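Let me begin by presenting the structure, written as structure tokens, before commenting on it.
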Amino acid sequence: MSTPRTKAARAGINRDKAFAAVVPPIYLSTTYGFAGFGEPPAYDYSRAHNPSRDITADTIAQLEGGTGAVMTASGMAAVTVPLLTLMPAGGTLLAPVDAYGGSWRVFDALARKGFFTLELVDFSDTDAALAAIERIRPDVVWLETPSNPLLRICDVTVLAEAAHAAKAKVVADNTFNSPAVMRPLELGVDVVMQSATKYLAGHSDVVSGVIVARKPSLLDDLAWWANCIGATGGAFDSYLVLRGVRTLYARSALAQRNAQAIAEALEANPLVNRVIYPGLASHPQHELAAKQQDGFGAIVTIELDGEQAVRAFVAGLECFTLAESLGGVESLISHPATMTHAAMPPEAQAAAGITPGMLRLSVGIEDADDLIADLEAGLGRVATI
Ligand SMILES: Cc1ncc(COP(=O)(O)O)c(C=O)c1O
């Protein structure tokens, strides 16, 4: 049972001591009986600990190469708990200029309340990021690679080393890759978090998050805060995430193959101004992605000629659903400026490189030929404008 794919496929199997159920049962009970006075059970109250949650957390921790994990109620809870855990009062957070809109919103809102100072940098510009770390000396460095929706890749090893030299803790958001594509803990970060809603669960039917720690002491602190504020995930949600994790590597391989084929087809089409995909040689950090990742992911960002072109393009799509989120078996398409990043004011969007003609594709596991035909039909509509 040594390879991650085998671990994922067999996650939780053979754990049921009562009836040898192949699939582990879901422990919905909120509370557990004491064997006697002063004899507490292994699990006492489900906000703090839950067997279903622990199986899922342990499995993901193994896949990420961490010491352990905390399942949270959402990806945003998995963003907030490490902040609460690691950020001293009045400290400084150095975050990506193009962070996920929801992450940016929580960083910005907490900074506005005066809890800490927020500084933003483009981490894909390694020299600028190293200079920012040196100058700002942040308490926490927040990495998101690839970034959303520009798919900028940052050099995790170099940045984590510099951050540690400046005595900062490093958190990486691995939502867009999942451990099937990249394991930031192996590249030196302290904490990796993910929206498990995406690739880990993989079927767009559960909102969940996970935080994985490299060191046991940090894991204890993260678990303490998650329990303290009640951010821990539900048992049923954890079960669904575990079910998704079993097929993570198979889904990821198929979706990445589709994404590469789509990116190549669209790059050859003159109606598309720009195709951003780390698996293309034209991607500015293609070589870095090849070095620090096991693949190139399944998100492709394209740029058309403004919002009118976007409207014509998405209007008749059949294999891509216009919807937020990503990482499911079905293909989705979103318009960052009006959807995922709508919380960012126009100036912040412009600073992050988000344009009105930009679309983000979350490529699923459908047949690549069907997906490409659907997108080419959309471009045919754009041509008639
Ligand atoms: C990169 C990234 N981080 C965090 C989140 C937040 O996750 P959730 O929606 O599960 O709260 C998302 C959601 O889209 C995301 O894309």
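Because the structure is predicted, anything quoted here is derived from the model rather than measured.
Side-chain atoms of Asp139 and Leu86, non-hydrogen and from C-beta on, never get closer than 4.5 Å to each other. Annotation: side chain of Asn174 is not in contact with side chain of Met193 (no heavy-atom distance under 4.5 Å). Tyr45 is not listed as a side-chain neighbour of Asn50, based on a closest heavy-atom distance of 4.5 Å or more.
Asp190 and His164 share a side-chain donor-acceptor pair at under 3.5 Å. With hydrogens and angles left out, the side-chain atoms of Glu330 and Ser204 include a donor and acceptor closer than 3.5 Å. Judged purely by distance below 3.5 Å, without hydrogens or angles, the side chains of Asp54 and Tyr43 pair a donor atom with an acceptor atom. At a cut-off of 3.5 Å, with distance as the only test, a side-chain donor of Ser282 or Glu267 sits close to an acceptor on the other residue. Thr6 and Thr3 share a donor-acceptor pair across their side chains, judged by distance under 3.5 Å alone.
Under a cut-off of 6.0 angstrom, the local environment of CD in Glu287 is sparse, with at most 12 non-hydrogen atoms contributed by other residues, nucleotides or ligands. Residue His49 places its NE2 atom among 12 or fewer non-hydrogen atoms of other residues, nucleotides or ligands, all under 6.0 Å distant. Few gaps surround CZ on Arg381; more than 12 heavy atoms of other groups in view lie less than 6.0 Å from it. Heavy atoms of other residues, nucleotides or ligands lying less than 6.0 angstrom from CD of Glu366 number more than 12.
Between Arg152 and the options Pro146, Pro278, Pro96, Ser124, a side chain to side chain contact (heavy atoms under 4.5 Å, CB included) holds for only Ser124.
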Pair Glu303, Thr355 - check side chain to side chain donor-acceptor pair (under 3.5 Å), show working.
CA-CA 8 Å; Glu303 203 170 355; Thr355 64; 2.8 Å; yes
Where do Glu376 and Asn269 land on the side chain to side chain donor-acceptor pair (under 3.5 Å) test, with the steps shown first?
CA-CA 9 Å; Glu376 285 178 344; Asn269 194 313; 4.9 Å; no
Pair Leu143-Asp173, side chain to side chain contact (heavy atoms under 4.5 Å, CB included): steps then yes or no:
CA-CA 6 Å; Leu143 304 178; Asp173 185 332; over 6 Å; no
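Applying the ring-ring contact (aromatic ring centres under 6.0 Å, His included) test to pairs two or more places apart or on separate chains, those with a residue in residues 268-312 are His286-Phe296. The stretch residues 117-150 participates, sequence neighbours left out, in these ring-ring contact (aromatic ring centres under 6.0 Å, His included) pairs: Phe107-Trp142.
Atom CZ of Arg47 sits about 11.5 Å away from atom OG1 of Thr31, to the nearest 0.5 Å. Atom CZ of Arg53 and atom CD1 of Ile26 lie 14.0 Å apart (nearest 0.5 Å).
Remark: the backbone N or O of Tyr100 is paired with a side-chain donor or acceptor of Glu144 at under 3.5 angstrom. Remark: side-chain polar atoms of Gln256 are paired, donor with acceptor, to backbone N or O of Gly297 under 3.5 angstrom. Checked by atom type and distance alone, the side chain of Gln260 pairs as donor or acceptor with a backbone atom of Gly279 at under 3.5 Å.
Evaluation of the ring-ring contact (aromatic ring centres under 6.0 Å, His included) rule for Phe115 yields no partner, not counting sequence neighbours.
Salt bridge Glu307/Arg311: present, at least one basic N to carboxylate O contact under 4.0 Å.
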